[in-house]
Visitor: 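Just dropping this structure here.
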Amino acid sequence: MKVLARFCSWVKWLVKSSQLENEMDTEVRFHIESYAADLVRKGIPQQDAMRQARIEFGGVESNKDAIRASLGLRWWGELWIDLRYAARKLHNSPGFALTAILVLAIGIGVNVAAFSVFNLMVLKSLPVRDPDTLVRLQRRSPENIAGQIPYPSVVFYREHAKSLSAVMATMGARTELDGDVQPVNANFVTTNYFTELGTSAAYGRLLDPVREDAADAAPVVVLSFGFWQRHFGADPSIVGRIIHLNKKTATVIGVTPYVFASLGDQHPDVWLPMTQQPYFVEGSKALTETGGGGSVEMWGRLAPSVTAKVAEEELLVLTNELRQQHPKDIWDHEFIKSDPGGHIQVMKAEMYQAMAMVGTLTMLILAVACANLGGLLLARGVTREHEIGIRVAIGASRQRIFRQLFTESLLLALLGSVVGLALGYLVLRVMLVMIKAPAWQSAAPDWRVFLFALGMALAAAIFFGLAPALQIARQRHRKTIARQVLVGAQVAASCVLLIVAGLLVRATQHVIYTDPGFGYQQVLSIDPGLASHGYTPIAARAYLDQFESRLRALPGVTSVALSSMSPLGHENVSTTTVDIGGKTVTIYPSWVDSDFFRTMNIPLLHGRNLLPGENNAVILSESLARKQSPGQDPVGKRFWDKDVVGVAANARTMALNDGDAMEMYQAAQTADMPGMVVLVKTAGSPEGLPPMVKSIAESIDPKLFPYLRLLKSDFQWNVRQVEHAAMVVSLLGITAVLLAAIGLLGLVAYAVSERTKEIAIRIALGASPGHVLSAILRQFLWPVAVGLLAGLAGTAVLSQVLRRVLFGVNNLDPTSYLSGIAVLIAIATVASLLPAKRALHVNTMRALHYE
Amino acid sequence: VPKQIDLLQGTLDMLILKAVSLGPLHGYGVLLRIQQISGEKLEIQQGSLYPALYRLEHQGWIASEWGESDNNRKAKFYSLTVAGRRQLHSETEKWNRMASLIASILRTTPEEI
């Protein structure tokens, strides 16, 4: 009640302050006039009465001020005065203001950009109908995680789940369009996909549950807007045209809109009805197989007023029913996990670590910027001693002066934040263009980004403004300790950024100049897609035998091999974890034939090669062997219930960037044949091979459409990724170091100007230049050293997270650390010597006369 | 004229509440009422009256309303709210306890120790 009354009277004042001021006036005037009238009644002459009443009442304005103060309103008035004063002060020193705003804008802008990306990916809702009720549904059990789910299970859940108002499924596939070499990405979706998302066509119509789910529905295809532009030259008469996908005819019924958000950020070229998948992918059993296989993803829409929790509970009951129908296909303790699906990115646990890493790096920039600005403010405090002295003399309290100074910092921070927002917007905009983001993804900041920028401004104001304001208000800003802390903080933060940048640059060099452990220059990987076309193991074996022998006969081909996992291809990758000496180790197991090592150029260090079809042998990679039996010969020992027959050199075929990756090879069995990838090595360049391979595949089985990749291009793609990361972090590192250098330069220059007299005396008494320099620079030596050490320790801890992306470069790589430190020391030395040298040219006579 | 007594620190609020509890008053009326009840013995700083009135209103103990004064002029009238009545009650009690305590201390004679 009381709180409410207080709040109401506040709001009243804020909203109609002028009316209240009027009321105050009226009331006071009434008082004075009534009192004067009483005085007249007591016999005091009219003109004297009014005067006496006024005098006895006291100053009207100070009375009103006291009233405002009693309401807690004076604070606002003073804030306004402080703000106006701060604006005038900044206006009067534009050099300082611009520098400060720029420094802050860089610090805040980098963070705004990083947050905007996070916001776009994870927080922003997709522009579809009712995005909050969309859920991504995935299989989980205590031991297993799968993003995919067999289609018959999807159908079962769709038919029985009452807590879901709709269930959607998507399945990506590569198809061949009208005989093109370049594959076309297709997405098979349930026919309710577009109606559930509330999407309407740019041209023609989209999939429709009523028409496409009919038993005799004609094969249809929906084009994506981008593909329609690229491939069909944005031909408006496309609707109704017949095209051939995987050599099957289909009618184009429409084009998706230019601004279109899809579930899970999938951007296929064409959209096809799920029910027609067996028609387009001949022989496929993806819609009928209840176990394993398939790449179907399940999505749902929660029924009105149903929570995700309730839906999960119902789905668990249904999962248990499914287990009774297909005991083999459902895991122990399996359940369906629901995640919010109405965003680009469905949040995964391992992403938090990456986000924390990026967040830390960008916050370091802000830390450098703030420390930098703090130094500037301290130095400015000296030039304002006179002004502050006068204000203290005429009665301003320390608290009042602190408030004035902090308001100034707040204003600076807000201005910096505004420029930072613009900077962040620009960065995101460029990034979205570079990654060819879909049209609906806008870089324009929304309320979350604004709020974040405001929060950053407040945090920054506290970081850089609080301590200097306190020090200056207490007239203690001449103490060196504050300066030293600021230098230390800048050095530490930029040290971390520099070394991390160094590590990534090293990783780039490493991946370019060192052997990844396998030959990729001359290898072509061919995925015939046997499993997806329903090949049985026996049929697959026959196909592969014929395919391989035809490939071997091609001119320039030196060897052909089979592998269950395509090197560097990020598909069908499986990992397994084993417990070695109490530590969980992740291993990439491949099933290969005996030509694999020769084709991939992976040396066998020890033992023998795998024999065709042998079931009880395993070859370990060197790192795994060393981990498994340190200092001993692993050959002849058992691993994974198999005999270790050999040791192969480390080859990061599956995870190029992960230095910790380990491999294990077993001989491929007949049962593995449908999932095999064919690897072809040529004597010269493999570029001319694909057309010949295509025609061979065509002649063996025309309903297959093999997917061809040059390992060289995949390798280059991987290198580009790390190059980009290295570039971005280097940019951050250089920015941080430059900021720190400017900060140091300013502080040393300030220290010199502060001690001109002392230096003059020293020189007059015959001190050598070395002595003079050391006298000035000694106070900065310790902070730089402590900052360096803190930065080193911080990097050592932080870089643990980077291990998996460093392409095998140790995260404690001495070269990166030493070069980072060297660069930092060099820059710090230059930044401090430049202004310090001025001390040597001090005009002794003038400096001493000045006093 | 007998010498007027200065107001004890912190008692003005209580007196205003009491004055207003007897019926709605405008600011000047509050001043007159207090002086009248005290038999003209209390000196109230006119300047301190309005900050106190606004503070009490801000705290929700008194409410204000514009009305007409005896001489037909526009004036702001203050009246006690329910919360204010409770506050006055507890303040009065506290004051009485305090006063009797202080009085009993001051009455103490050497024999009683």
Side-chain angles (χ1 to χ4, degrees), chain A residues 1-17 19-42 49-77, chain B residues 1 4 10 12-13 16-17 19 24-36 40 43-88 90-91:
Chain A
M1 171 65 208
K2 242 172 72 181
V3 178
L4 189 70
R6 221 174 268 200
F7 179 73
C8 287
S9 89
W10 257 58
V11 171
K12 209 161 97 189
W13 190 85
L14 286 178
V15 176
K16 5 185 205 181
S17 63
Q19 188 192 332
L20 270 172
E21 294 271 336
N22 270 338
E23 288 187 12
M24 260 192 253
D25 262 341
T26 317
E27 203 174 7
V28 168
R29 211 165 44 228
F30 171 77
H31 180 110
I32 291 172
E33 282 166 15
S34 302
Y35 185 40
D38 281 352
L39 287 176
V40 168
R41 233 167 279 146
K42 283 182 185 166
M50 201 58 194
R51 202 171 145 258
Q52 194 183 335
R54 268 207 203 98
I55 291 169
E56 279 192 46
F57 189 82
V60 174
E61 275 313 310
S62 75
N63 202 295
K64 273 162 65 176
D65 204 44
I67 291 174
R68 277 182 222 116
S70 79
L71 297 185
L73 295 175
R74 197 171 69 187
W75 201 87
W76 289 93
Chain B
V1 182
Q4 287 183 327
L12 179 61
D13 286 9
I16 294 175
L17 289 179
L25 290 169
H26 49 67
Y28 184 57
V30 172
L31 188 78
L32 292 180
R33 172 77 50 90
I34 293 175
Q35 281 175 344
Q36 178 214 340
E40 313 291 327
E43 166 82 19
I44 291 175
Q45 280 289 318
Q46 297 191 30
S48 61
L49 179 67
Y50 287 91
L53 280 170
Y54 274 79
R55 187 169 56 241
L56 290 173
E57 188 184 1
H58 184 58
Q59 283 166 333
W61 291 334
I62 57 177
S64 69
E65 204 179 3
W66 285 92
E68 287 217 340
S69 72
D70 302 335
N71 50 2
N72 294 331
R73 292 197 40 190
K74 207 173 137 213
K76 198 171 171 192
F77 283 86
Y78 295 92
S79 56
L80 204 63
T81 63
V82 179
R85 193 165 296 283
R86 223 179 294 130
Q87 174 71 11
L88 175 62
S90 78
E91 289 275 318

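What you see is a predicted model, and the numbers here were worked out from it, not measured in a lab. In what follows, every chain begins at residue 1, and chains take the letters A, B, ... in the order their sequences are listed.
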Visitor: I'd like to check the salt bridge (charged side-chain N to carboxylate O under 4.0 Å, His left out) partners of Arg73(B); sequence neighbours left out, ordered by chain and number.
Guide: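 Arg73(B) satisfies salt bridge (charged side-chain N to carboxylate O under 4.0 Å, His left out) with Glu33(A) once adjacent residues are dropped.
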Visitor: Name the orientation class of the two ring planes belonging to Tyr50(B) and Phe57(A) (parallel below 30°, tilted from 30 to 60°, perpendicular beyond 60°).
Guide: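 Tilted: the ring planes of Tyr50(B) and Phe57(A) meet at 30° to 60°.
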Visitor: Heavy atoms only: give me the nearest Glu27(A)-Trp66(B) pair and the separation to one decimal.
Guide: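 The answer is N-CH2, 4.4 Å.
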Visitor: Where do Tyr54(B) and Glu23(A) come nearest, in terms of heavy atoms and distance?
Guide: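 So the minimum-distance heavy-atom pair works out to OH-C, 4.5 Å.
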Visitor: Please lay out, stage by stage, how Lys76(B) and Thr26(A) fare under the test side chain to side chain contact (heavy atoms under 4.5 Å, CB included).
Guide: CA-CA 9 Å; Lys76(B) 198 171 171 192; Thr26(A) 317; over 6 Å; no
Visitor: So Tyr28(B) and Ile32(A), do their side chains get closer than 4.5 Å, heavy atoms only?
Guide: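 Side chain of Ile32(A) against side chain of Tyr28(B), heavy atoms only: no contact under 4.5 Å found.
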